[in-house]
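Heads up: the structure comes next, in structure tokens.
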Amino acid sequence: MTETFDRRKGIYDCPILSVKNLSGAIYLMRLHSPAIAQSVHPGQFVNLKVNDEFIPLLRKPFSVCRRDQREGWIEVLWKIVGKGTEILAGCRAGELLNVLGPLGHGYTIRPELELAILVGGGLGVAPLPFLCEEILKAGKKVEVFLGAKSEPELALVPEFIEMGVEVFVATEDGSVGNAGLVTEILIERLKRSLPQRVNLFSCGPTGFLNRMIQITESFNLEGQMAIETMMGCGFGICVGCPVRVRDPRPGERLYKLTCIDGPVFDAREVILSD
Amino acid sequence: MTETFDRRKGIYDCPILSVKNLSGAIYLMRLHSPAIAQSVHPGQFVNLKVNDEFIPLLRKPFSVCRRDQREGWIEVLWKIVGKGTEILAGCRAGELLNVLGPLGHGYTIRPELELAILVGGGLGVAPLPFLCEEILKAGKKVEVFLGAKSEPELALVPEFIEMGVEVFVATEDGSVGNAGLVTEILIERLKRSLPQRVNLFSCGPTGFLNRMIQITESFNLEGQMAIETMMGCGFGICVGCPVRVRDPRPGERLYKLTCIDGPVFDAREVILSD
Amino acid sequence: MIDLSIEIGGLRLKNPVLAASGTFGYGQESADLVDLNALGGIVTKSVTLQPRDGNPPPRIVELPAGLLNSIGLANVGVEGFIKEKLPFLRSVKTAVIVNVAGSAGDEFLKVVERLENEEGIHAYELNFSCPNVKEGGLEFSQEPRVTSQVTSLVRNATRRPLIVKLTPNVTRISDIARAAKESGADAVSLINTLVGMAVDIQTRRPKINTVTGGYSGPAIKPVALAKVYEVAKHVDIPIIGIGGIMNGRDALEFILTGAAAIQVGTANFIDPRTGEKIIAELMDFCQRNGLQSIRELVGSLRI
Amino acid sequence: MIDLSIEIGGLRLKNPVLAASGTFGYGQESADLVDLNALGGIVTKSVTLQPRDGNPPPRIVELPAGLLNSIGLANVGVEGFIKEKLPFLRSVKTAVIVNVAGSAGDEFLKVVERLENEEGIHAYELNFSCPNVKEGGLEFSQEPRVTSQVTSLVRNATRRPLIVKLTPNVTRISDIARAAKESGADAVSLINTLVGMAVDIQTRRPKINTVTGGYSGPAIKPVALAKVYEVAKHVDIPIIGIGGIMNGRDALEFILTGAAAIQVGTANFIDPRTGEKIIAELMDFCQRNGLQSIRELVGSLRI
Ligand SMILES: Cc1cc2nc3c(=O)[nH]c(=O)nc-3n(C[C@H](O)[C@H](O)[C@H](O)COP(=O)(O)OP(=O)(O)OC[C@H]3O[C@@H](n4cnc5c(N)ncnc54)[C@H](O)[C@@H]3O)c2cc1C
Ligand SMILES: Cc1cc2nc3c(=O)[nH]c(=O)nc-3n(C[C@H](O)[C@H](O)[C@H](O)COP(=O)(O)OP(=O)(O)OC[C@H]3O[C@@H](n4cnc5c(N)ncnc54)[C@H](O)[C@@H]3O)c2cc1C
Ligand SMILES: Cc1cc2nc3c(=O)[nH]c(=O)nc-3n(C[C@H](O)[C@H](O)[C@H](O)COP(=O)(O)O)c2cc1C
Ligand SMILES: Cc1cc2nc3c(=O)[nH]c(=O)nc-3n(C[C@H](O)[C@H](O)[C@H](O)COP(=O)(O)O)c2cc1C
Ligand code: FES
Ligand code: FES
């Protein structure tokens, strides 16, 4: 990938503009942060300190889900899975949240791209709306594939529809869209006619991403995927977020760091493990 | 002291009925707890777990300030001095609070008592309203002396007046009542005529209580005082709340435990140190 | 019905959940709050030969996710224990483990000798984390040699199960556990408190009277687990795990790591029913995982 | 104007606040967030002779008030350090302390020899908490003998101030500090991480790949303070205090206890500006207490 990212990050106390419970345990928060809104790239993330306590001790990383440069806000989408995400869900508009960002290496939108296929597994949808906007702005065609366990776990479908892109949905229990895995409907799509330069942009859990790696290879496409690992810092100082490099050349490092080399990697670049 | 207290304590999830900010950093909370309201004695305390976290780790002890046996509530009064009291101040009516109590050895109201003089230093006023009610119920005369740094630190004066007892007030800055220490106006009072059987009931910070010990002795009265120490448990298992016994006889223990032998002690019984 | 019972060096427990020494008094203090009969056992506050007043205050300070104490072995002494505390403990249907402490090897011996013919005691636990006056205040179990010596001494004086409680404040706790085993201990319990300290920057004084004290609570759990792991890996002796156990999940971490039983300490100060709750949680975990007996879990960590 | 400067074994620092090894990269990673010139010094990530990839994931797990890690000394190696990292560090107006690690005494020596003629290094800190392959994986500073040996070895190879960083996982840290001093160390820094462990009870696996790892953060502060106190009491050597320092109050606890300087570790992950904030808080504390110099506070604990 050639695009270089502006690595200038900052620490900001950002006013919370809104916190919405989208469904079940899924929340969307809008934060006032002109600096981050200005410079963030799709696929980059912010690292939030959810309270001023020692529990949880660390910041919690979240993809930037949408941003508005003019109004100066960013949004993050999350699901309650533990203490940090639970505390976040209890935050209220008007409070301040300490935000470190923008962080990481995001998705690259190539000039020669013709069709971008965005594939989100579960909460992996989080970085895709922002990515979608930027690809559309670049005048490219976008198709979106979203998968979830069940309807309440499926977030942001209306947001994509509003952007005027085609959205294909699969749920494991068939409560909405195709019954089954999103990768299955994706494969069906890929079997049909495709333009020359197709890119797969994906984000989701490890099992899903491993499937995406296979698909990227078997259809011989370019794929970029945003991965998740435990993170100690989010900006390269703890060395706690390694991801295995697939075929390290002699002398090359065995690991890359998710927080600065990623979280977006080429699908052929890394080996994911749980 | 001869009265034996019912030591049967319990652990209850008590609904918070109200939290009032009386002034500055001083708060009054009413808790629904029929069992404790029923059996608690003046001078006893409850031990509150202010949240479900490891910070703060321990329960926090508070004197029972008032109770209503019929309506089944108790009240606690506190000042924000740290994390635990701050979290308490953020509690809202309707939430549950985990309460352990009633705990400790309270004040003893002797049948032969004629005049009870209640003396509160600062937040040491906390156990006195309940004590006052009980002494009045027993048909004895009560006078109340309250001291504080300044008017906003002076709590519950209207509550005593409502009970129909005489209240004498001193503030260090003279913002209300006598300018100076409450012990000074108390001494003036004690120099005037007194009935035969006078008891001093006090509660407050160590410096204040040490002065109360001197006064109790120089006027040769009986004095009971509620003291505070750090507490690990509040019910006698951590042995973390020792208070020096004044003149231990040979073979007697050097320390008593504030949480079970106290918090109310005879003014001649213990030595207080910071 | 799931079987929570275990056997540790000859000591049969109806379940692996004990109350830790110094954090549960002598049982009676919590009797109105806790169903004592439900517990696997109660380890008493340390008993010494003579009554001890303990250290001057402040003895306790609360820290983030932890507690620092310097109680100083305040206790009623062995005669007081027999007269005032043991009768109640005899009435409880649970294992009674008397924790014994002393400032010299001799003192351990004398206390055990005095207790040996008293009924209603199921095992001894030797508190080898107290300072050894002869060794310049080093804790008994900071030296394999001293551990061996005093364990042997007591071993010869009792036919009851003998548990040696180890300090974590050592370079290699497995060396100490081995010394205990080879000198006749039936089990080891670990960990006692870590040496810790806190300073009041306003008064510029230590926050507890003895400057350093014993650090306990959730903050020490990771250290305790690592110590249990070390002993389980290197020494073949039953282990009772202790340190920051607040709930069933914590207890399970210790059991998976190799502890056959666990003790609940600091958690009792916050909720003396913690032990009972853990028993229920263990039962539930076994149920959900289709286990017949808690014993299937002991040391079953997948490395 | 209050004087925050201190001198530690020949190393002059404009203030006593350093970034701890492994928690601040090589400075550059935080350069856009932090005024590096404000810090008293930067201790680099441990540098070994060859580049190291480090351990497989998971390397990090968050615990209540603490962090468990097993990074495995992932670093660019001494040549990579000189080529890629040192030039930037030279441009920063702060003391640069290179932390050196190795799996044998030899490796420490070779790294220091390679660095000795490079400009822009103000001191070395020897990471004696890494496993010594020759001694069956015992950490270097778990043995006074090994500590002496390797300290002497390196001492002979450098005229720069030499700091020995001690592991807390020992019976008597003062014995180790004494060994370091007698073998020529100019100062000791303590503590490195405690050995800790955490278990995922669902998967029944350890939460980090190496089963046990290094425990850091607020939870270890009481232990760190007690270790600093022990060394300050028994050994006459300048001490750099480390362990769970999150703010100025924490730093003051260490300074009062006897540390001439302090290092900020885990706190940098949450807020890399912690060091700067601590400097401001120290300044403020001195001001409010009418002190001319921070040096008046060092070891001024009232016992
Ligand atoms: C670059 C990046 C971007 C992310 N973006 C999003 C997002 O947009 N929306 C979203 O909901 N989540 C996102 N995550 C995951 C999110 O950070 C975790 O869900 C969150 O940190 C959990 O915090 P907690 O305190 O609630 O849970 P914890 O109690 O800490 O843990 C609960 C569970 O979450 C797992 N977990 C904890 N931390 C992480 C982590 N850093 N990465 C992955 N899993 C973790 C734990 O292993 C555990 O199983 C992202 C993670 C990374 C690394
Ligand atoms: C028997 C008893 C009855 C009490 N009744 C009342 C009451 O009715 N109203 C009230 O406002 N306060 C009362 N206290 C004091 C109250 O318990 C403390 O103010 C409270 O625990 C502080 O908690 P924190 O987390 O806010 O402060 P922390 O952050 O824990 O400490 C702040 C300050 O309070 C001191 N402190 C902490 N715990 C105690 C304690 N147990 N006793 C004394 N000082 C302590 C600390 O030394 C420190 O200086 C009582 C204490 C005892 C022992
Ligand atoms: C206040 C207090 C008093 C203690 N007293 C004793 C004791 O008398 N004898 C003993 O062997 N251990 C004693 N301990 C140690 C505990 O039994 C236990 O080993 C330690 O606290 C670690 O467990 P925890 O983290 O669950 O508390 C005491 C601990 C505390 C906190
Ligand atoms: C992720 C991580 C990596 C570390 N790497 C090193 C290292 O490479 N060399 C070293 O000497 N210490 C290393 N340490 C130890 C710290 O420098 C410090 O001694 C320890 O974390 C205690 O301080 P703290 O509680 O402030 O983090 C590391 C600590 C952490 C948390
Ligand atoms: S999260 Fe710290 S280096 Fe990546
Ligand atoms: S507070 Fe625990 S014994 Fe008194």
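Chain A is the first sequence line, chain B the second, and so forth, proteins listed ahead of strands; every chain is numbered from 1.
No other option in Thr23(D), Leu33(D), Leu63(D) has as many heavy-atom pairs under 4.5 Å with chain A as Leu33(D).
Pairs of residues two or more places apart, or lying in two chains, that qualify as salt bridge (charged side-chain N to carboxylate O under 4.0 Å, His left out) and include a residue from residues 264-275 of chain D are Asp271(D)-Lys277(D).
Closest approach of Tyr255(A) to Gly54(D), counting heavy atoms only: CE1-O, 3.7 Å. Contact record, Pro242(A) with Arg59(D): CG-NE, 3.3 Å, taken as the closest heavy-atom pair. Closest approach of Gly232(A) to Phe269(D), counting heavy atoms only: O-CB, 3.3 Å.
Inspection of non-hydrogen atoms places Gly66(D), Leu67(D), Ile71(D), Ala74(D) of residues 66-94 of chain D under 4.5 Å from chain A. Identified by a heavy-atom distance below 4.5 Å to chain D, the contributing residues of residues 48-61 of chain A are Lys49(A), Phe54(A), Ile55(A), Pro56(A), Leu57(A), Leu58(A), Arg59(A), Lys60(A), in residue-number order. Near-neighbour residues of residues 200-208 of chain D relative to chain A, defined by a heavy atom under 4.5 Å from a heavy atom of that chain, are none.
Residue Pro218(D) touches chain A through its side chain alone, counting heavy-atom pairs closer than 4.5 Å. Heavy atoms closer than 4.5 Å to chain A are found in both the backbone and the side chain of Pro56(D).
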Derivation of the side-chain contact (heavy atoms from CB on, under 4.5 Å) call for Cys238(A) and Ile60(D): CA-CA 9 Å; Cys238(A) 77; Ile60(D) 271 194; 3.6 Å; yes
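Of the charged side-chain nitrogens involved, none lies within less than 4.0 Å of a carboxylate oxygen, so that Asp32(D) and Arg8(A) do not count as a salt-bridged pair.
One distance of note links CG of Leu254(A) with CG of Asn55(D); it measures 11.0 Å at 0.5 Å rounding. A distance of 10.0 Å separates CG in Asp53(D) from CD in Glu252(A), rounded to the nearest 0.5 Å. To the nearest 0.5 Å, atoms CD1 (Ile270(D)) and CG (Asn47(A)) are separated by 10.0 Å. In this structure, the separation between NZ on Lys45(D) and CD1 on Ile237(A) is 11.0 Å, given to the nearest 0.5 Å.
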